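No experiment lies behind these values; they were computed from the predicted model shown.
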Amino acid sequence: MKLINSMGPNPKVVRMFLAELGMSVDLEEVDLMKAENRGEAYLAKNSSGTTPALELDDGSYLCEIVAICEYLDEISDASSLIGNTAADVLLFCFLEFGAQVGQPMNEDNKNITAWFDRVKSRSSATA
């Protein structure tokens, strides 16, 4: 398997999910700033031009983060993340990305801030 990776919250969700499952896959970087995801070569793999995409061993692709995470969860030997903690990964990645683009969390939301800090301290948060 190979993860076609880029910047942004969606690829981070999959990288973090992989880390939580204790899995690793080869990475292929796509430069969004150079619009590589809109080039013919990438669109042949994923016609929507979005990232990430997971290339399976048979040469087919999964191109939606929920489908990718569900697939990884099913083939993993680790405890399932779907249904008990996959939403935490999604929320963390989107809150983190929001802060990077000028939409930070409201610090008055103490419970969310404390939760975010706990998730941020997990090793998978650096994936």
Side-chain angles (χ1 to χ4, degrees):
M1 286 187 300
K2 178 172 46 176
L3 180 66
I4 302 174
N5 188 46
S6 68
M7 60 187 261
N10 288 350
K12 170 113 185 196
V13 167
V14 175
R15 292 192 315 270
M16 194 169 173
F17 204 87
L18 282 162
E20 286 288 334
L21 292 172
M23 298 175 72
S24 63
V25 297
D26 293 333
L27 294 178
E28 177 183 319
E29 295 296 323
V30 172
D31 190 336
L32 299 183
M33 302 307 287
K34 293 181 179 176
E36 289 178 357
N37 59 312
R38 300 296 181 202
E40 230 176 274
Y42 186 72
L43 291 174
K45 299 172 185 178
N46 179 0
S47 61
S48 71
T50 60
T51 59
L54 182 67
E55 181 179 1
L56 305 180
D57 293 335
D58 68 0
S60 62
Y61 293 89
L62 293 176
C63 300
E64 296 291 331
I65 60 172
V66 173
I68 293 169
C69 291
E70 286 178 353
Y71 176 78
L72 294 171
D73 196 64
E74 282 194 25
I75 66 167
S76 169
D77 292 332
S79 296
S80 177
L81 294 177
I82 301 293
N84 18 3
T85 61
D88 289 351
V89 170
L90 290 169
L91 181 59
F92 174 82
C93 292
F94 288 112
L95 288 174
E96 180 185 56
F97 184 74
Q100 293 172 357
V101 295
Q103 297 179 17
M105 290 184 294
N106 182 339
E107 294 295 324
D108 292 337
N109 296 322
K110 301 294 183 198
N111 290 340
I112 294 290
T113 301
W115 167 86
F116 183 86
D117 290 340
R118 284 192 308 273
V119 175
K120 188 176 183 175
S121 71
R122 297 180 65 84
S123 61
S124 65
T126 62

- Query: Can you list the residues that meet the side-chain hydrogen bond (donor to acceptor under 3.5 Å, both in side chains) rule with S124, with sequence neighbours excluded?
  - Reply: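 Per chain and number, S124 pairs via side-chain hydrogen bond (donor to acceptor under 3.5 Å, both in side chains) with E20.
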So which atom in [X] and which in [Y] form the shortest heavy-atom distance, rounded to 0.1 Å?
X: R118; Y: S121; value: O-OG, 2.7 Å
X: L62; Y: I68; value: O-CD1, 3.5 Å
X: V89; Y: V13; value: CG1-O, 3.6 Å
X: M105; Y: F116; value: CE-CG, 3.6 Å
X: A78; Y: L21; value: CB-O, 3.5 Å
X: N5; Y: P11; value: OD1-CB, 3.3 Å

- Query: Just wondering, more than 12 heavy atoms not from N111 lying within 6.0 Å of its CG?
  - Reply: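 Atom CG in N111 is not crowded, with 12 or fewer foreign heavy atoms closer than 6.0 Å.
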- Message: How about CG on D77, more than 12 heavy atoms from neighbouring residues, nucleotides or ligands closer than 6.0 Å, or not?
- Response: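 No, not enclosed.
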I'd like to check [X] versus [Y] (side-chain heavy atoms, cut-off strictly below 4.5 Å). Are they in contact?
X: L27; Y: E29; answer: yes
X: I112; Y: L95; answer: yes
X: N10; Y: P52; answer: yes

- With sequence neighbours left out, write down each residue that passes salt bridge (Lys or Arg N to Asp or Glu O under 4.0 Å) with E96, or none if nothing qualifies.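 Partners of E96 by the salt bridge (Lys or Arg N to Asp or Glu O under 4.0 Å) criterion, ordered by chain and then number, come out as K12.
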List the atom pairs, donor and acceptor, that lie under 3.5 Å between side-chain atoms in residues 38-46 and the rest of the protein, sequence neighbours left out.
residue: R38; atom: NH1; partner: S48; partner atom: O; Å: 2.9
residue: Y42; atom: OH; partner: N46; partner atom: ND2; Å: 3.4
residue: Y42; atom: OH; partner: T50; partner atom: O; Å: 2.5
residue: K45; atom: NZ; partner: E28; partner atom: OE2; Å: 3.2
residue: N46; atom: OD1; partner: S48; partner atom: N; Å: 3.2
residue: N46; atom: OD1; partner: S48; partner atom: OG; Å: 2.8
residue: N46; atom: ND2; partner: T50; partner atom: O; Å: 2.7
residue: N46; atom: ND2; partner: T50; partner atom: OG1; Å: 3.4

Please name all residues satisfying side chain to side chain contact (heavy atoms under 4.5 Å, CB included) with [X], sequence neighbours left out, ordered by chain then number.
X: E64; answer: A67
X: F97; answer: P9, Q100, V101
X: L32; answer: S6, M7, V30, N37, T51

- Can L3 and D26 be said to form a side-chain contact (heavy atoms from CB on, under 4.5 Å), step by step? CA-CA 6 Å; L3 180 66; D26 293 333; over 6 Å; no
- Message: Nearest 0.5 Å, please: how far is CZ in F17 from CG in L81?
- Response: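 Output value for this atom pair is 4.5 Å.
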- Item | Point-to-point distance, once rounded to the nearest 0.5 Å, from CG of L18 to CE of M23 |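 Between L18 CG and M23 CE, I get 6.0 Å after rounding to 0.5 Å.
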Cluster check [X], [Y]: I/L/V/M/F/W/Y, side chain < 4.5 angstrom:
X: I65; Y: L54; result: yes
X: M1; Y: Y61; result: no
X: L56; Y: I4; result: no

- Message: Is it the case that the side chain of T126 and the backbone of S123 share a donor-acceptor pair, with hydrogens and angles ignored and the cut-off at 3.5 Å?
- Response: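 Pair found, side chain donor or acceptor close to backbone of S123.
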